[in-house]
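Beneath this line is the structure, given in structure tokens, with notes to follow.
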Amino acid sequence: MQMINGIPQIVEGIAYWTHVRVPTPDFSGEKNLYLVNLAVSDEIFQKFQDAGYNAGLKPAVRVSYTEDPVITFQQWELGKGGRPNRKPRLVDKDLNDIDVLVGNGSRVAVQWRHSKYGADGQFLRPILENVQVLELVEYEGETSNGESALAF
């Protein structure tokens, strides 16, 4: 397996608030991004910390939806100069492209890459490349067109 700074390039965990097929607005609402909040083992989380990653890492019990540590993998929809970034692929266990909404609690594998940014390169962040769904929990919120899902 390929490694990035001593960390496997593919990391498995439980996905939360996942936006791979359709980007979501960032915290300011100004830009859109693809996103996976991945609950990981303490060992994987420690590898990211030991390698100096300081953006997108949330220690255990810091978030309300899991007691596990979380790594946020993201990719901006648009890059520098407004050029579209490559959209992450979403695939099933057999590596076939799929078009599903990934619900909270789905087991996934995330392929990522390294990014260093900021005025002095002071931020290290894992960037979302691709997602493989290993065990899908169907999304039960809004439909893909933004309407509420019918409960009857």
Side-chain angles (χ1 to χ4, degrees), residues 1-28 31-141 144:
M1 174 175 289
Q2 235 180 336
M3 305 289 272
I4 301 172
N5 296 327
I7 307 166
Q9 181 188 19
I10 298 171
V11 179
E12 289 186 24
I14 303 299
Y16 294 93
W17 313 113
T18 300
H19 298 272
V20 179
R21 301 301 298 155
V22 178
T24 187
D26 68 359
F27 58 90
S28 69
K31 298 178 181 178
N32 292 326
L33 52 93
Y34 301 100
L35 179 77
V36 176
N37 290 294
L38 191 69
V40 298
S41 69
D42 292 333
E43 177 187 358
I44 290 294
F45 189 82
Q46 190 64 50
K47 286 184 182 218
F48 276 89
Q49 283 191 313
D50 291 348
Y53 288 86
N54 55 9
L57 275 65
K58 299 171 188 87
V61 302
R62 184 161 168 229
V63 295
S64 61
Y65 49 85
T66 182
E67 293 182 3
D68 295 320
V70 173
I71 300 173
T72 300
F73 296 89
Q74 68 181 41
Q75 169 67 280
W76 296 105
E77 181 180 31
L78 301 176
K80 291 182 180 178
R83 291 187 309 259
N85 281 322
R86 190 187 64 75
K87 184 176 182 176
R89 286 181 64 192
L90 181 64
V91 298
D92 64 15
K93 286 189 244 183
D94 299 319
L95 304 181
N96 297 308
D97 288 302
I98 54 176
D99 188 12
V100 298
L101 295 176
V102 179
N104 291 342
S106 295
R107 175 163 286 286
V108 302
V110 171
Q111 179 182 341
W112 65 282
R113 66 179 166 81
H114 168 84
S115 177
K116 189 174 187 177
Y117 64 96
D120 299 321
Q122 71 270 29
F123 298 110
L124 297 178
R125 171 182 281 285
I127 301 296
L128 179 63
E129 286 282 293
N130 299 303
V131 177
Q132 181 183 29
V133 176
L134 304 172
E135 295 174 26
L136 179 66
V137 172
E138 291 194 38
Y139 180 74
E140 296 181 2
S144 60

Please report the shortest heavy-atom distance between V108 and A15, naming the atom on each side.
CG2-CB, 3.9 Å

Between V131 and V102, is the side chain to side chain contact (heavy atoms under 4.5 Å, CB included) condition met? List the steps.
CA-CA 10 Å; V131 177; V102 179; 5.6 Å; no

For D97, side-chain contact (heavy atoms from CB on, under 4.5 Å) partners two or more places apart:
R89, V91

Which residues pass the side chain to side chain donor-acceptor pair (under 3.5 Å) test with D94, sequence neighbours left out?
none

Distance (rounded to the nearest 0.5 Å) between I71 CD1 and I7 CD1:
7.5 Å

Check whether any side-chain N or O of W112 sits under 3.5 Å from a backbone N or O of Q74 as a donor-acceptor pair, and report yes or no.
no

Let's go through L35 and T18 carefully: what are the C-alpha distance in whole Å and the side-chain angles of both, what is the deciding distance for side chain to side chain contact (heavy atoms under 4.5 Å, CB included) to 0.1 Å, and is it a yes or a no?
CA-CA 6 Å; L35 179 77; T18 300; over 6 Å; no

Non-hydrogen atoms of P88 and L128 that approach each other most closely:
CG-CD2, 3.8 Å

Parallel, tilted or perpendicular: ring planes of Y65 versus W17, cut at 30 and 60 degrees
perpendicular

Does any non-hydrogen side-chain atom of E135 lie less than 4.5 Å from one of S106?
no

Just wondering, are more than 12 heavy atoms of other shown residues or ligands nearer than 6.0 Å to CZ in R86?
yes

Under the side-chain contact (heavy atoms from CB on, under 4.5 Å) rule, collect the residues that match up with P59, sequence neighbours excluded.
F45, R62

Could you grab the distance from atom NE2 of H19 to atom CG of L101, nearest 0.5 Å is fine?
9.5 Å

Report yes if some heavy atom in the side chain of P69 is under 4.5 Å from a heavy atom in the side chain of L57; otherwise report no.
no

With the side chain counted from C-beta on, respond yes when L95 and Q132 share a heavy-atom pair under 4.5 Å apart, and no when they do not.
yes

Side-chain contact, heavy-atom cut-off 4.5 Å: Q111 with I10?
yes

Between the CG atom in N37 and the CZ atom in F73, the distance rounded to the nearest 0.5 Å is 10.0 Å

For the student: nearest non-hydrogen atoms of I127 and Q75, plus distance:
CG2-NE2, 3.7 Å

May I ask you to test the D99-R21 pair for a side-chain heavy-atom distance under 4.5 Å?
yes

Kindly indicate whether the side chain of V133, heavy atoms from C-beta on, has any atom under 4.5 Å from the side chain of L90.
yes

Value rounded to 0.5 Å, distance of CG in L38 from CD1 in I44
9.5 Å

Run the numbers on V11 and F48 for side chain to side chain contact (heavy atoms under 4.5 Å, CB included), then give the verdict.
CA-CA 11 Å; V11 179; F48 276 89; 4.2 Å; yes

Once side chain to side chain donor-acceptor pair (under 3.5 Å) is applied, what residue pairs with a partner in residues 47-61 remain, sequence neighbours excluded?
N5-Y53, Q46-D50, Y53-H114, K58-T72

Not counting sequence neighbours, list each pair that qualifies as a side chain to side chain donor-acceptor pair (under 3.5 Å) and has a residue in residues 6-16.
none

May I ask you to test the N104-V137 pair for a side-chain heavy-atom distance under 4.5 Å?
no

Kindly compute the distance separating CG (L33) from CG (L78), expressed to the nearest 0.5 Å.
10.5 Å

Could you tell me which residues satisfy side-chain contact (heavy atoms from CB on, under 4.5 Å) with N32, sequence neighbours excluded, listed by chain and number?
P23, P25, E77

